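Lettering follows sequence order; numbering is per chain, from 1. Quantities reported herein were computed from a predicted structural model and do not represent experimental measurements.
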Amino acid sequence: MLDPRLFRTELDFVKAQLARRNFAFDADAYIALETRRKDVQVKTQELQNQRNSNAKAIGQAKAKGEDVQPLMNQVAALGDELKAAETELTRIQAEMDSIMSGIPNILDEAVPAGKDEESNLEISRWGEPRQFDFEAKDHVDLGAQLKGMDFELGAKITGSRFVVLNGALARLQRAIIQLMLNTHTEEHGYTETYVPFLVNADSLRGTGQLPKFEADLFKASSDPDLYLIPTAEVPVTNIVRDVIIEAKELPLKFVCHSPCFRSEAGAYGRDVRGMIRQHQFEKVEIVQIVKPEDSARVHEELTAHAETILQKLNLPYRRMLLCAGDTGFSSAKTYDLEVWLPAQGVYREISSCSNFKDFQARRLQARWRNPETGKPELVHTLNGSGLAAGRTLIAVMENYQDADGRIHIPEALLPYMGGLTVIS
RNA sequence: GGAGGGAUGGCCGAGAGGCUGAAGGCGCUCCCCUGCUAAGGGAGUAUGGGCUUUAUCUCCCAUCGAGGGUUCGAACCCCUCUCUCUCCGCCA
């Protein structure tokens, strides 16, 4: 959610910024509605004021034992008018709320123009893609050969885009998760959290998935509606919903491993092969709640925390700054980390690290008490995958394969593999 | 799943149709007192919104778990929902 004051005072700026995202914003309609809101709100509050002072006068007259009938007659007409005004105000506010909650965040100045991933900007590159003296297999072939990755079984049990991992590959994924959790807690100062994987609609509104992106979510048929989390970002960031945090508590740093569930209706036809795009996958998420002045610096740090995992696994990657058209709805600035996948010879997204600034915080009413003003002010929220575990599994398999299709365990994972050094 | 109790400010807790945005206590902040510590005295201490060119104060509106209703007037009465506690049942 953007600051409504920004719309009142700097409408041209807002229009220009939203245009960068190709977001069509009907400023005239907005102004008309806002003008109406102001009129109706002022009128409503005046009527409420009248009602309150009338009621008070009646109360006082009654206490003195005076006849209240003349006063009662006087206020009789007020009720209907007030009710009508209140109804109208509620309707207008709901309409404005619906418009506001559909407007994306304003992009950081550093975000390059562009309509899709073609315009993303490469910031840095780490590691050298390994030269293979044989034809590198992709994770699907490797997984089948090792009898540790079964998509048909996933389809039988549930449906398409689900997988069953078995034996050493299942353990390898767990080892990857362990490495990530231990690194972020022990080296980067994050607090490990365990959260619900089903969340209510308020939580999804808080982080920006609702109302616009319901089609991407799995909804449980319960009363009230609950949704499977698309990322741990949702429950973890909602820890601070409706909370005023003391300045000395900041920054809050959480790391959370969770399964993620994405319906992604309409995504069929893209990345159909293998574990790249599944309805369910494992991810380790890092989240920070910070003072506004710190968020730009923390965004760099948090991205570096995710990069640490790739470096420990010695996986070549590059850091991309997403362009305007590719940056998510709630984000002001996003870095994607893309890992090298040798079978396809491409870099593929394995982490997305975003600075939401106060966009989520405003929806969440997540605030801190600024000691300088003594007032509650919005915090900034950030998060990043640190990393997507399923895709990390793929990357390890493909980058650490040998000519026989065996997987050599990266050194950083050896402590978690119970003595296993090669999966064959 | 069944029966019953509860939800009020940072915390505890009074309040049972009108002068209650809310007694009292604790905590916190500032001031006074004090050689230091302790004790004591005084003042302040919810959030969102509106109006205003902006800011601050005053002012106005809303909020006592959430949403409806009754009423001139609701923390208080009625209905629905959520959460929570106790007991019973079931259970990893």
Side-chain angles (χ1 to χ4, degrees), chain A residues 1-13 31 33-97 99-101 194-206 210 220-227 235 238-250 252 358 360-379:
Chain A
M1 196 88 87
L2 295 175
D3 187 351
R5 266 183 296 251
L6 209 56
F7 284 77
R8 290 176 215 166
T9 57
E10 299 184 58
L11 193 61
D12 288 339
F13 170 77
I31 291 169
L33 193 60
E34 163 65 10
T35 307
R36 181 107 183 92
R37 187 225 98 224
K38 200 185 264 189
D39 290 348
V40 175
Q41 180 161 351
V42 169
K43 185 178 156 214
T44 304
Q45 293 188 353
E46 273 168 9
L47 289 169
Q48 284 170 331
N49 186 11
Q50 263 179 53
R51 176 204 59 197
N52 290 346
S53 39
N54 288 339
K56 203 164 266 186
I58 291 172
Q60 282 165 352
K62 239 183 186 169
K64 287 186 214 151
E66 295 169 3
D67 180 17
V68 295
Q69 198 52 48
L71 279 167
M72 299 279 267
N73 295 341
Q74 207 178 316
V75 293
L78 199 64
D80 290 345
E81 199 184 347
L82 177 57
K83 184 145 279 177
E86 281 176 339
T87 305
E88 172 73 351
L89 182 60
T90 306
R91 191 190 64 71
I92 291 171
Q93 278 171 338
E95 194 176 335
M96 294 204 70
D97 197 56
I99 291 172
M100 294 297 282
S101 60
Y194 173 79
V195 293
F197 301 151
L198 280 163
V199 294
N200 58 35
D202 281 343
S203 292
L204 287 157
R205 266 191 291 274
L210 288 180
S221 58
S222 56
D223 185 22
D225 289 336
L226 295 176
Y227 299 81
N238 272 275
I239 289 171
V240 297
R241 168 150 56 92
D242 294 321
V243 175
I244 299 172
I245 306 158
E246 290 306 320
K248 62 175 191 291
E249 306 289 329
L250 295 174
L252 297 177
D358 63 9
Q360 290 183 328
R362 186 169 291 105
R363 292 176 163 229
L364 292 161
Q365 281 302 298
R367 291 165 294 170
W368 67 299
R369 199 173 292 282
N370 185 343
E372 285 177 25
T373 60
K375 296 280 182 219
E377 296 174 13
L378 296 171
V379 295

Given that both distances must come in under 3.5 Å, which nucleotide forms a Watson-Crick or G-U wobble pair with [N]?
N      : answer
C33(B) : none
G1(B)  : C88(B)
C64(B) : none
G27(B) : U45(B)
A55(B) : none
C76(B) : none
G6(B)  : C83(B)

Between [M] and [N] - [atom1] atom distance, rounded Å:
N      : M      : atom1 : result
G21(B) : C30(B) : P     : 31 Å
G68(B) : A16(B) : P     : 26 Å
G44(B) : G65(B) : C1'   : 29 Å
G18(B) : G27(B) : C1'   : 33 Å
U8(B)  : U47(B) : C1'   : 15 Å
U45(B) : A22(B) : P     : 10 Å
U84(B) : C32(B) : P     : 48 Å
C26(B) : A3(B)  : C1'   : 36 Å

Checking contacts here: which listed nucleotide ([options]) is nearest the side-chain heavy atoms of [X]?
X       : options                : answer
Q365(A) : G49(B), U70(B), G48(B) : G48(B)
M72(A)  : U52(B), U70(B), C72(B) : C72(B)
I244(A) : C19(B), G50(B), U47(B) : U47(B)
R369(A) : A46(B), C19(B), G50(B) : A46(B)

[N] phosphate, OP1 or OP2: any side-chain N/O from [X] under 4.0 angstrom?
X       : N      : value
N52(A)  : A62(B) : yes
R367(A) : G48(B) : yes
R51(A)  : G18(B) : no

Heavy-atom closest contact ([X] atom, [Y] atom, distance):
X       : Y       : answer
A220(A) : L198(A) : CB-CD2, 4.3 Å
D202(A) : N238(A) : O-OD1, 4.3 Å
L2(A)   : M100(A) : O-CE, 3.6 Å

Requested in this report: Name the residue closer to the 5' end of RNA chain B, choosing between A55(A) and I58(A) according to the nucleotide with the nearest heavy atom.
Outcome: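 This one resolves to A55(A).
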Query - Closest-nucleotide 5' rank along RNA chain B - winner of N49(A) and Q93(A) - result: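 Going by which nucleotide is closer to the 5' end, it is Q93(A).
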Query raised in the report: CD1 of I31(A) to CG of L11(A): how many Å apart, nearest 0.5 Å?
Result: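 Here the interatomic distance stands at 5.0 Å.
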[N] [atom2] sits how many Å from [X] [atom1], rounded?
X       : N      : atom1 : atom2 : value
D242(A) : G65(B) : CG    : P     : 15 Å
Q48(A)  : C72(B) : CD    : P     : 17 Å
K56(A)  : G18(B) : NZ    : P     : 13 Å
L364(A) : U47(B) : CG    : C1'   : 17 Å
R363(A) : G48(B) : CZ    : C1'   : 18 Å
E34(A)  : G49(B) : CD    : P     : 13 Å
E10(A)  : U53(B) : CD    : C1'   : 14 Å
M96(A)  : G49(B) : CE    : P     : 14 Å

Is [X] touching bases, backbone alone, or none of the nucleic acid, heavy atoms closer than 4.0 Å?
X       : result
P376(A) : sugar-phosphate
K62(A)  : base
R8(A)   : sugar-phosphate

Query - Donor-acceptor contact below 3.5 Å, side chain Q365(A) vs main chain R362(A) - result: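 Such a contact is found between Q365(A) side chain and R362(A) backbone.
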Query raised in the report: Under a 4.0 Å N-O cut-off, is there an ion pair linking K38(A) with E34(A)?
Result: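 Salt bridge: no.
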Query raised in the report: Does R91(A) pair with E88(A) as a salt bridge, N-O distance under 4.0 Å?
Result: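 Yes, charged N to carboxylate O under 4.0 Å.
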Query raised in the report: Going by distance alone, is a donor N or O of one side chain under 3.5 Å from an acceptor N or O of the other, for R205(A) and S101(A)?
Result: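 No - no donor-acceptor pair under 3.5 Å links their side chains.
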